[in-house]
Amino acid sequence: MNAETTWRKSSYSPNSGTCVELASSLDRIRDSKDPHGPTLRVDVVGFVRAVKTGRFDR
């Protein structure tokens, strides 16, 4: 992770800090409660597609 990486939190996120953030490079996510903790590499296009098709719905 380089020092220039910025992170975005959804505008729908509650102020409690219980959300994930997306890296400006669109290839990693992290837990907003632990900004110095681990990150998860993701295929953002595939992830968004899965969310929109309901793959994670219960």
Side-chain angles (χ1 to χ4, degrees):
M1 195 168 15
N2 67 43
E4 296 178 26
T5 300
T6 57
W7 294 88
R8 292 187 60 192
K9 188 177 353 179
S10 170
S11 60
Y12 292 101
S13 296
N15 289 331
S16 64
T18 55
C19 60
V20 295
E21 297 174 315
L22 178 62
S24 58
S25 55
L26 302 178
D27 66 346
R28 288 170 292 156
I29 58 175
R30 71 178 183 185
D31 183 344
S32 64
K33 295 183 304 294
D34 189 8
H36 301 291
T39 62
L40 178 65
R41 288 211 172 268
V42 294
D43 168 12
V44 173
V45 174
F47 179 71
V48 171
R49 184 180 302 124
V51 169
K52 285 184 175 184
T53 60
R55 182 169 178 195
F56 303 110
D57 292 350
R58 291 184 171 186

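Among pairs with a residue in residues 24-48, those fulfilling ring-ring contact (aromatic ring centres under 6.0 Å, His included) read F47-F56, at least two apart in sequence or across chains. Sorted by first and then second residue, the pairs that involve residues 40-58 and meet side-chain hydrogen bond (donor to acceptor under 3.5 Å, both in side chains), not counting sequence neighbours, are D27-R41.
Evaluation of the side chain to side chain contact (heavy atoms under 4.5 Å, CB included) rule for V44 yields L22, L26, V42, V48 as partners, not counting sequence neighbours.
Listed for the R30 side chain is no donor-acceptor partner under 3.5 Å among the backbone atoms of E21.
When all heavy atoms of T5 and S24 are compared, the closest pair comes out as CA-OG, 4.0 Å.
Side-chain contact between W7 and V20 is absent, with no heavy atoms from C-beta onward closer than 4.5 Å.
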